[in-house]
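The sequence lines fix the lettering, A, B, ..., with proteins before strands; numbering per chain opens at 1.
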There are 2 protein chains.
Amino acid sequence: MKEKIHVHVADDHKILIEGIIAVINTDKNIKIKGYSLTGQEVIDWFSKKRNTADVLILDISMPIIDGFQVLKYFKNNNIDQKVIILSSYDDLRIIQEVLSLGCKGYISKSEAGEHILNAIKSVSKGDQYFSTDIQSALLKSLSGEIVAKGKIPDKFLIDSLTERELHVLKLITKQYSSIQMAEAMFLSIYTIETYRKSLLKKLNVKNSVGLAMYAFKNKIV
Amino acid sequence: MKEKIHVHVADDHKILIEGIIAVINTDKNIKIKGYSLTGQEVIDWFSKKRNTADVLILDISMPIIDGFQVLKYFKNNNIDQKVIILSSYDDLRIIQEVLSLGCKGYISKSEAGEHILNAIKSVSKGDQYFSTDIQSALLKSLSGEIVAKGKIPDKFLIDSLTERELHVLKLITKQYSSIQMAEAMFLSIYTIETYRKSLLKKLNVKNSVGLAMYAFKNKIV
DNA sequence: ATGGAAATCACTGAAAACAGTGAGTTGAAA
DNA sequence: TTTCAACTCACTGTTTTCAGTGATTTCCAT
């Protein structure tokens, strides 16, 4: 490991930022590249070409522009930023929401500092990281599925698809256009398009190709 | 290569068999396990439990029971026999027919003996082998009329893709838009679109989803 | 009974993909 | 030396997809 991992931290509580910085500084492979106190600052920072970071540690609950909106900003602007969510809540729905927005890591503020370091390293490598209690919560919801550690299984996403969405997804892999699907399913094309949008959002992909790849990887076809 | 490849040869012209045996004997990694002079003999031979061969070299045109029928026999009895067709005809329809019957190699009698050796080695490894003039014939047919039924094996389609097309295809599976590809490859978007069209035509699919599925099935990704 | 998820439909505007045609350059093979 | 395939770019339409927003109905569960 030659190059340091560059990290940006965003939280509206400065004292917490300072704490994180202190923790991170104990690891010489990781370097703080900057911090933000509001969601707007994060967006401003990353919207400047020369401002980058390998990993962004992002608090969900910030005033005005919160973590969700920051994630949406990245998504809408096709910025492939690796993000670790720092949250006080272990709510599964929140987790799912940020997952669908493309975030790759999630740690609870109640966790020890070393988890942050592990999370940063995992995510910077392209892996996912979820703190243990999050994982156990997820595992519980999956009722006994075997999961590789640190990784949220696709099943989680698949399960979130409704019957109709699944049907549309299958037809997409068969190269149906929306019009053709509408005819085949006796629905309005508007409805089909609604499902498409829903699929794109839930599976967190850019376009139909992404949907098809997802379906293929998970043998929905 | 420790174990010899066992080969069975079937042709109604004994003189040709002898020729093939002579050629094969020049390669000490390949051994003749037997030969047949009629289709019936082939079927009889392989229907006996103890009679096997890694590769069967099979002439298409034999009296009464021809090569096609032998292939059908294998297919109907779920015998996964590796077969190289030896034919005098370079007719595409014949090639397609035997391909659909599961044969893995095809060489023309007009080819030099060394091609037989290469074919045997390729097919015994599980690869396909088609002599060069067959391949070019197949490719030519792709540029003109798309052969819908009979289906040319994917292998040929892949080979027909140029470097650039392959590159574009890979980016498509990564959910790049044409604009993004143009930027990534330092090309005009018009050029990218040209490749898209070329891919759609060559791989005979309807849209990008079809391209992605194709790429996935053939492990281009 | 009330709230929520699923399913359905609608409209709009923008972005992207698809289709057809044409054309110039280059490098390698025949 | 000519020919051809690969590569490149351009222009013009049409179709499809994507994004955002909002609305209704049904049915299930708290």
**Student:** Can you see which heavy atom on Ser208(B) is nearest to which on Val209(A), and at what distance?
**Tutor:**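 Closest approach of Ser208(B) to Val209(A), heavy atoms only: CB-CG2, 3.5 Å.
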**Student:** Any donor and acceptor pair, going by atom type alone, linking the side chain of Ser188(A) with main-chain N or O of Tyr190(A) inside 3.5 Å?
**Tutor:**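 Confirmed, Ser188(A) side chain pairs with Tyr190(A) backbone.
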**Student:** Below the 4.0 Å mark, does dT8(C) have OP1 or OP2 next to a side-chain nitrogen or oxygen of Arg164(A)?
**Tutor:** yes
**Student:** Run the ring-ring contact (aromatic ring centres under 6.0 Å, His included) test against Phe74(B) and tell me which residues pass, sequence neighbours left out.
**Tutor:**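 Here the qualifying residues are Phe46(B).
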**Student:** To the nearest Å, how far apart are Lys202(A) NZ and dA5(C) P?
**Tutor:**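 After rounding, the reported distance stands at 10 Å.
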**Student:** For the helix from dA1(C)-dT30(D) to dA30(C)-dT1(D), measure the angle between the helix axis at one end and the axis at the other, each built from five pairs, rounding to 10°.
**Tutor:** 50°
**Student:** Hey, does the side chain of Lys206(A) reach the backbone of Gln175(B) with a donor-acceptor pair shorter than 3.5 angstrom?
**Tutor:** yes
**Student:** In whole angstroms, how far is the P atom of dA19(C) from the CG atom of Leu199(B)?
**Tutor:** 12 Å
**Student:** Residues two or more places apart in sequence or in another chain: which of them pass side-chain hydrogen bond (donor to acceptor under 3.5 Å, both in side chains) with Thr191(A)?
**Tutor:** none
**Student:** Look at the side chain of Gln180(A) and the backbone N and O of Ser177(A), then say whether any donor-acceptor pair between them is shorter than 3.5 Å.
**Tutor:** yes
**Student:** Rounded to whole angstroms, how far apart are CD1 on Ile192(A) and C1' on dA7(C)?
**Tutor:** 11 Å
**Student:** Side-chain contact, heavy-atom cut-off 4.5 Å: Lys33(A) with Val7(A)?
**Tutor:**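 SC-SC contact between Lys33(A) and Val7(A) ruled out.
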**Student:** Let me know the distance between CG of Leu166(B) and C1' of dC7(D), rounded to the nearest Å.
**Tutor:** 15 Å
**Student:** For DNA chain D, which residues of residues 182-191 of chain B approach it to below 4.0 angstrom with any heavy atom?
**Tutor:** Leu187(B), Ser188(B), Tyr190(B), Thr191(B)
**Student:** Around atom OH of Tyr73(A), are there more than 12 heavy atoms of other residues, nucleotides or ligands at under 6.0 Å?
**Tutor:**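 Yes, OH of Tyr73(A) has more than 12 neighbouring heavy atoms, counting only those of other groups under 6.0 Å.
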**Student:** Report yes if a side-chain nitrogen or oxygen of Thr162(A) is closer than 4.0 Å to either non-bridging phosphate oxygen (OP1 or OP2) of dA6(C); otherwise report no.
**Tutor:** no
**Student:** So, using side-chain hydrogen bond (donor to acceptor under 3.5 Å, both in side chains) as the criterion, who are the partners of Arg164(B) when residues are at least two apart?
**Tutor:** none
**Student:** Output one letter per nucleotide in nucleotides 25-30 of chain D: B when a protein non-hydrogen atom lies under 4.0 Å from the base, S when only the sugar-phosphate is that close, - when neither is.
**Tutor:** ------
**Student:** Using the test side-chain hydrogen bond (donor to acceptor under 3.5 Å, both in side chains), find all partners of Thr194(B) that sit at least two apart in sequence or belong to another chain.
**Tutor:**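 Testing Thr194(B) for side-chain hydrogen bond (donor to acceptor under 3.5 Å, both in side chains), a comparison that skips the adjacent residues, returns none.
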**Student:** Between protein and nucleic acid, restricted to nucleotides 28-30 of chain C and to nitrogen or oxygen atoms under 3.5 Å apart, what atom pairs and distances do you find?
**Tutor:**
none

**Student:** Looking at residues at least two apart in the chain, or sitting in another chain, which of them share a salt bridge (charged side-chain N to carboxylate O under 4.0 Å, His left out) with Glu165(B)?
**Tutor:**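 Lys202(B).
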**Student:** In whole Å, I'd like the distance from the CD atom of Gln175(A) to the C1' atom of dT17(D).
**Tutor:**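 From Gln175(A) CD to dT17(D) C1': 15 Å.
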**Student:** Just how far, in rounded Å, is C1' of dA17(C) from CD of Gln180(B)?
**Tutor:** 14 Å
**Student:** Looking at Lys174(B), I want to see if its NZ is surrounded by more than 12 non-hydrogen atoms of other residues, nucleotides or ligands under 6.0 Å.
**Tutor:** no
**Student:** Between C1' on dC18(C) and CD1 on Ile179(A), what's the gap in Å once rounded to a whole number?
**Tutor:**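 So the two atoms are 13 Å apart, to the nearest Å.
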**Student:** Any side-chain N or O of Tyr195(B) under 4.0 Å from OP1/OP2 of dA6(D)?
**Tutor:**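 For dA6(D), neither OP1 nor OP2 has a side-chain N or O of Tyr195(B) closer than 4.0 Å.
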**Student:** Return yes if some donor-acceptor pair links the side-chain N/O of Lys82(B) with the main-chain N/O of Ser124(B) below 3.5 Å, else return no.
**Tutor:** yes
**Student:** For nucleotides 18-21 of chain D, tabulate all protein N/O to nucleotide N/O atom pairs closer than 3.5 Å, reporting atom names and distance.
**Tutor:**
| residue | atom | partner | partner atom | Å |
| --- | --- | --- | --- | --- |
| dC18(D) | OP1 | Ser208(A) | N | 2.8 |
| dC18(D) | OP1 | Ser208(A) | OG | 3.3 |
| dC18(D) | OP2 | Arg196(A) | NE | 3.2 |
| dC18(D) | OP2 | Ser208(A) | OG | 3.1 |
| dC18(D) | N4 | Glu193(A) | OE1 | 3.4 |
| dG20(D) | O6 | Lys197(A) | NZ | 2.6 |

**Student:** Once you round it to whole Å, what is the distance between P of dA7(C) and CD of Glu165(A)?
**Tutor:**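 It works out to 7 Å between those atoms.
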**Student:** Applying side-chain hydrogen bond (donor to acceptor under 3.5 Å, both in side chains), can you list everything that pairs with Gln40(A), at least two apart in sequence or on another chain?
**Tutor:**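 With sequence neighbours excluded, Gln40(A) shows a side-chain hydrogen bond (donor to acceptor under 3.5 Å, both in side chains) to Asp44(A), given in chain and number order.
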**Student:** Taking only residues two or more places apart in sequence, or in another chain, which ones meet Asp27(B) in a salt bridge (charged side-chain N to carboxylate O under 4.0 Å, His left out)?
**Tutor:**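 Applying salt bridge (charged side-chain N to carboxylate O under 4.0 Å, His left out) to Asp27(B) gives Lys121(B).
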**Student:** Return the minimal non-hydrogen interatomic distance between Val168(A) and Met185(A), and the atom names on each side.
**Tutor:**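 Of all heavy-atom pairs spanning Val168(A) and Met185(A), the closest is CG2-SD, 4.0 Å.
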